[in-house]
Protein chains: 2
Amino acid sequence: MITPLEKARQNPGSMKARILNSARRLFGDYGFHGVTTRMVAKDVGIDISTLHYHWGDKQNLYESVVADVNDEICEKLIEIEKKVHGKSLRVRLEVAIEVMADYLFDNPEASNLILFSYFGKTRPDSIMDSKMSEYVTNIAIAMGLAPDKMDVSPQANARVLAVWNSVINFTSGENLFRSILDVDRKQYIEVVKETLRFILIPAFTKE
Amino acid sequence: MITPLEKARQNPGSMKARILNSARRLFGDYGFHGVTTRMVAKDVGIDISTLHYHWGDKQNLYESVVADVNDEICEKLIEIEKKVHGKSLRVRLEVAIEVMADYLFDNPEASNLILFSYFGKTRPDSIMDSKMSEYVTNIAIAMGLAPDKMDVSPQANARVLAVWNSVINFTSGENLFRSILDVDRKQYIEVVKETLRFILIPAFTKE
DNA sequence: ATAATATTCCATCAAAAGATGGAATGTTTT
DNA sequence: AAAACATTCCATCTTTTGATGGAATATTAT
């Protein structure tokens, strides 16, 4: 059985895909309640009933968007793991910061959607919760913060979360933070990467 | 001229204050668009017109809530600065983590509102932006990351922001993160504080 | 070409949401 | 006590919003 999400991905120019992309950007900007189906339809240049035809109700469209973003991030994590396999903790962090920052700066709506879906009280994503729990644990082990899957302490997981959070915030808060730092986009990206290295690496590489 | 917000603060039991508090919690949980005036009124146990009578339109109520939270956080920062004045960078961080974490865990809606107002595209808070910019710069100087007010580099400001972000995220994301770490509230608070110390202190205290 | 299927839009509905006027009630001032 | 003012709620209005039925159009299969 092929899901609408897979269909949209298979044909990037299709109406399904166009709707998904508009929805992704808008939900990322304004959150679930801040976006109306009419806004999305207008952005795509179609009627709302066409939107409902392809994606069902608003909730379903939103969940598809969140699933889309989560899958993408999952792929990124796998890509990173491939690159850093067997490397030192310092290199792991350097590469992870570089790759994740680049991805999130290219897809700011992804970062926002993650924040919205994590931090709001409206989180029906119990599937995502367990998926994320698994990722975090795996990363903790890969980083050598825990011996094996059966014995990952809350402390180890919390440290992984702290790393993850740092990256997310700077990309989601770009608008505000850039005005505070008073730099252009290119400079901002560099400053953020440098800051992340400054903050994160010493914690994990000290003797 | 006395503002409605000051009036509400002067009399904590008043209708103005009760509405403000309900609105604060609800807006913190669901964001501006996720809350209806009827929700707030129902939570207080009053009619919507009473709400409008005291606070005007929804936008105005929301802005009062944000201003309320910002003022409170500003007070906390001043309180911290008093405690750590003249102390070492390590102690500064330890105290800041302790006090801010305690405050935000006691007032999770504050943390959420900050995130909502920082990260959403709907930020008409240009006043807050400049205020925050000033705080960040002051902290950077107090932390010895910059020589004087005229010469605070983006790097220095970014480091202050990184510290601030770390604390915010763990309090806003408590629901999700606690389920990942699988700990109770008390344990969670301790793990978070420990993790923040683990991540933040080495970066600023290494030779 | 024709039938079957898929897609799109127009018109419309019902519910939700922001907002207000004005009557009723309570409080303060004179 | 009476007048002036403040507070509260009920009824109601308008706009927005999510959603759908059905006709029109395009696409694909036979």
Side-chain angles (χ1 to χ4, degrees), chain A residues 1-27 29-66 116 120-122 124, chain B residues 1-27 29-66 116 120-122 124:
Chain A
M1 175 40 192
I2 189 166
T3 67
L5 184 54
E6 288 165 330
K7 239 179 174 173
R9 285 202 191 111
Q10 277 167 21
N11 188 347
S14 68
M15 184 55 73
K16 267 194 178 53
R18 285 169 59 203
I19 296 170
L20 188 73
N21 287 336
S22 280
R24 192 175 142 146
R25 196 171 41 73
L26 288 169
F27 280 132
D29 281 351
Y30 305 109
F32 179 79
H33 293 291
V35 175
T36 66
T37 53
R38 279 169 176 82
M39 280 169 70
V40 179
K42 192 177 178 187
D43 190 66
V44 182
I46 54 168
D47 189 88
I48 19 168
S49 39
T50 303
L51 185 150
H52 283 103
Y53 172 76
H54 284 285
W55 288 102
D57 66 12
K58 187 186 171 185
Q59 185 69 36
N60 191 72
L61 174 60
Y62 184 75
E63 280 165 20
S64 301
V65 165
V66 172
F116 278 128
K121 270 255 152 74
T122 37
Chain B
M1 176 37 192
I2 189 166
T3 68
L5 184 54
E6 287 165 330
K7 238 179 176 173
R9 285 203 191 110
Q10 278 168 20
N11 188 348
S14 67
M15 185 55 74
K16 267 195 179 53
R18 285 169 59 204
I19 295 171
L20 189 74
N21 288 336
S22 280
R24 192 174 142 147
R25 196 170 41 74
L26 288 169
F27 280 132
D29 281 351
Y30 305 109
F32 180 78
H33 293 290
V35 175
T36 67
T37 53
R38 279 169 175 83
M39 281 169 70
V40 179
K42 192 177 177 187
D43 190 67
V44 183
I46 55 167
D47 189 90
I48 20 168
S49 40
T50 304
L51 185 149
H52 283 103
Y53 171 76
H54 284 285
W55 289 103
D57 66 13
K58 187 187 171 186
Q59 186 68 39
N60 191 72
L61 174 60
Y62 184 75
E63 280 165 21
S64 301
V65 164
V66 172
F116 278 129
K121 270 256 152 74
T122 37

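Everything numeric here is computed off the predicted structure, so don't read it as measured data. Here is the naming used below: chain letters follow the sequence lines, and residue numbers restart at 1 for every chain.
OP1 or OP2 of D/dA19 lies within a sub-4.0 Å distance of a side-chain N or O belonging to A/His52.
The side-chain contact (heavy atoms from CB on, under 4.5 Å) search around A/Lys16 returns A/Pro4, A/Lys7, A/Ala8, A/Ser14, A/His54, A/Trp55, not counting sequence neighbours. For B/Arg38, there are no side-chain hydrogen bond (donor to acceptor under 3.5 Å, both in side chains) partners at least two apart in sequence or on another chain.
Taking atom NZ of B/Lys58 as the reference point, atom P of C/dA19 lies 8 Å away to the nearest angstrom. The separation between A/Leu61 atom CG and D/dT17 atom C1' is 15 Å, rounded to whole Å. Atom-to-atom, CG of A/Leu51 to C1' of D/dT20 comes out at 13 Å; the value is rounded to the nearest Å. Going from atom CG of B/Asp57 over to atom C1' of C/dA17 covers 13 Å, rounded to whole Å. The separation between B/Trp55 atom CH2 and C/dT20 atom P is 17 Å, rounded to whole Å.
Contacts between residues 34-44 of chain A and DNA chain D, defined by a heavy-atom separation below 4.0 Å, involve A/Val35, A/Thr36, A/Thr37, A/Arg38, listed by number.
Summarising the geometry of A/Leu26 relative to A/Val35, their closest heavy-atom pair is O-CG2, 3.3 Å, with the distance given to 0.1 Å. Contact between B/Val44 and B/Ile19 at its shortest, heavy atoms only, is CG2-CA, 3.9 Å. Scanning both residues, B/Pro12 and B/Ala17, for their nearest heavy atoms gives O-CB, 3.2 Å. Heavy-atom minimum distance, B/Val65 versus B/Ala23: CG2-CB, 3.9 Å. Scanning all heavy atoms of the two residues, the minimum distance from A/Tyr62 to A/Phe32 falls at CG-CD1, 3.5 Å.
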Can you pull every protein N or O that's under 3.5 Å from an N or O on nucleotides 4-9 of chain C?
residue : atom : partner : partner atom : Å
C/dT7   : OP2  : A/Tyr53 : OH           : 2.6
C/dT8   : OP2  : A/His54 : NE2          : 2.5
C/dC9   : OP2  : A/Asp47 : N            : 3.1
C/dC9   : OP2  : A/Thr50 : OG1          : 2.8
C/dC9   : N4   : A/Ser49 : OG           : 3.4

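For the helix from C/dA1-D/dT30 to C/dT30-D/dA1, the axis fitted to the five pairs at one end and the axis fitted to the five pairs at the other end meet at an angle of 10° (nearest 10 degrees).
Applying the salt bridge (charged side-chain N to carboxylate O under 4.0 Å, His left out) rule to pairs touching residues 41-55 of chain B yields B/Arg25-B/Asp43, sequence neighbours excluded.
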